[in-house]
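A short worksheet on the structure shown next.
Atoms within each ligand, like the ligands themselves, are counted from 1 in listed order.
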Amino acid sequence: MNSELNKEIQKVAEVAGYLWQKGWAERNGGNITVNVTEYVDDEMRALPAISEPLQIGKTLPHLKGCYFYCKGTGKRMRDLARWPMQNGSIIRILDDCASYVIIADEPVMPTSELPSHLSIHDYLIATGSSYKASLHTHPIELVAMSHTNKFLDSEKLTRLLWSMIPETLAFAPLGLGVVPYAMPGSIDLADATLEQIKDFDVVLWEKHGTVAVGTDIMDAFDQTDVLNKAATIYLRAKSMGFEPDGMTDAAMKEIQDVFRLPTSRPC
Ligand code: 13P
Ligand code: ZN
């Protein structure tokens with residue numbers, strides 16, 4: 001494996017360790033995919049398939065010939081943190097854009113959330129995005145908040161989280177999309193997630209977790225972390241017995257203006 005590809009995979013391992021430490025990755029919880037096509041050299045392109053062709057479940061026309069590092073289904077983040085190539089694999093999308101083969105290092109079956117991840121990557125490529133990484137995890141406080149309809153309104157939830165601490169608005173400027181509960185690993189979940197990812201870098205799956213995209217896996221992790229920190233502050237205030245005031249609209253507007261934040265949703 002060349003050094004550039006190795007660097008991306010080491011970042012995945014580092015983030016997997018953070019997910020475990022944060023308590024967001026019980027057992028095999030969560031998954032990561034990274035579009036590594038630009039780092040795949042001729043030697044790797046020549047590698048034979050080490051699996052039969054496997055179906056994605058969707059046809060994704062922009063993924064033809066692309067390569068992805070994928071966490072393995074059933075694999076633990078805490079193991080991936082130490083051994084990323086034994087707990088994940090690199091796949092090549094075949095010319096039909098609906099199937100793939102595993103090419104390295106071992107025939108580890110990709111995550112069950114592959115339809116969501118690959119639908120997102122297909123969209124990112126189609127739109128010329130610089131984003132290469134997708135992270136699904138189970139952040140405790142955000143998942144807790146998704147258990148009531150009160151917080152399942154993206155606009156209201158975003159505003160609440162932004163108002164908890166100034167950095168949330170600065171570093172998660174698009175806010176948080178919401179996807180109603182759907183079966184994990186399903187095409188329905190993938191389709192609903194894709195619709196939200198068009199407007200948000202981080203999406204909350206009702207009663208399940210989050211999906212975030214970013215330039216690399218560290219970026220996707222940071223955006224999730226910033227939003228979950230805001231959720232934690234909200235819940236800590238509530239557990240002290242009061243409803244937090246939140247920053248004023250004027251204070252939030254000032255941050256949007258000073259940081260020139262890319263938001264379609266003014267405070
Ligand atoms: P995998 O082990 O298949 O990646 O699934 C974990 C998960 O969080 C499903 O939503
Ligand atoms: Zn999950």
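- The nearest heavy-atom contact from the protein to atom 9 (C) of ligand 1 is E113 OE2, 3.2 Å.
- Ring geometry for F171 against F259 counts as perpendicular: the plane angle is over 60°, on a 0 to 90° scale with 30° as the lower cut.
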Test salt bridge (Lys or Arg N to Asp or Glu O under 4.0 Å) on D191 and K58; report intermediate values, then the result. CA-CA 10 Å; D191 290 344; K58 288 182 78 169; 2.6 Å; yes
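- With H136 as the fixed residue, the side chain to side chain donor-acceptor pair (under 3.5 Å) test singles out one of K71, H208, E113, H117: H208.
- Near T73, meaning under 4.0 Å from any of its heavy atoms, are these atoms of ligand 1: 1 (P), 2 (O), 3 (O).
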Do D257 and K253 pass the salt bridge (Lys or Arg N to Asp or Glu O under 4.0 Å) test, and can you show the C-alpha distance, the side-chain angles, and the key distance before you say yes or no? CA-CA 6 Å; D257 292 345; K253 175 84 171 61; 3.0 Å; yes
Report the C-alpha distance between D79 and R82 in whole Å, list the side-chain angles of each, state the deciding distance to 0.1 Å, and finish with yes or no for salt bridge (Lys or Arg N to Asp or Glu O under 4.0 Å). CA-CA 5 Å; D79 292 338; R82 290 173 293 172; 3.1 Å; yes
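- Near G74, meaning under 4.0 Å from any of its heavy atoms, are these atoms of ligand 1: 1 (P), 2 (O), 3 (O).
- The atoms of ligand 1 that sit less than 4.0 Å from any heavy atom of T111 are 1 (P), 3 (O), 4 (O).
- Side-chain N/O atoms of S146 and W205 include no donor and acceptor closer than 3.5 Å.
- Put simply, M218 and L135 are part of the same group of oily side chains (I, L, V, M, F, W, Y) that touch within less than 4.5 Å, one to the next.
- The ligand atoms of ligand 1 that sit less than 4.0 angstrom from a heavy atom of G30 are 4 (O), 6 (C), 7 (C), 8 (O).
- The distance between the ring centers of Y67 and Y100 does not fall below 6.0 angstrom.
- Short contacts between ligand 1 and H138, defined as distances under 4.0 Å to a heavy atom of the residue, involve ligand atoms 8 (O).
- As for H136, its N/O/S atom nearest the Zn ion (ligand 2) is the one called NE2.
- For E43, the CD atom counts as loosely surrounded, since its 6.0 Å shell holds 12 or fewer non-hydrogen atoms of other residues, nucleotides or ligands.
- Atom 5 (O) of ligand 1 has its closest protein heavy atom at S112 OG, 3.4 Å.
- For ligand 1 and H136, the ligand atoms under 4.0 Å from any heavy atom of the residue are 8 (O), 10 (O).
- In terms of protein heavy atoms, atom 7 (C) of ligand 1 is closest to N31 ND2, 3.4 Å.
- Taking the Zn ion (ligand 2) as reference, H208 places its N/O/S atom NE2 nearest.
- Of all atoms in ligand 1, numbered sequentially from 1 with element shown, those under 4.0 Å from a heavy atom of K71 are 1 (P), 2 (O), 4 (O).
- Residue N28 approaches ligand 1 through these ligand atoms, each under 4.0 Å from one of its heavy atoms: 1 (P), 2 (O), 5 (O), 6 (C).
- Remark: ligand 1 and W205 share no N or O pair separated by less than 3.5 Å (distance only, no angle test).
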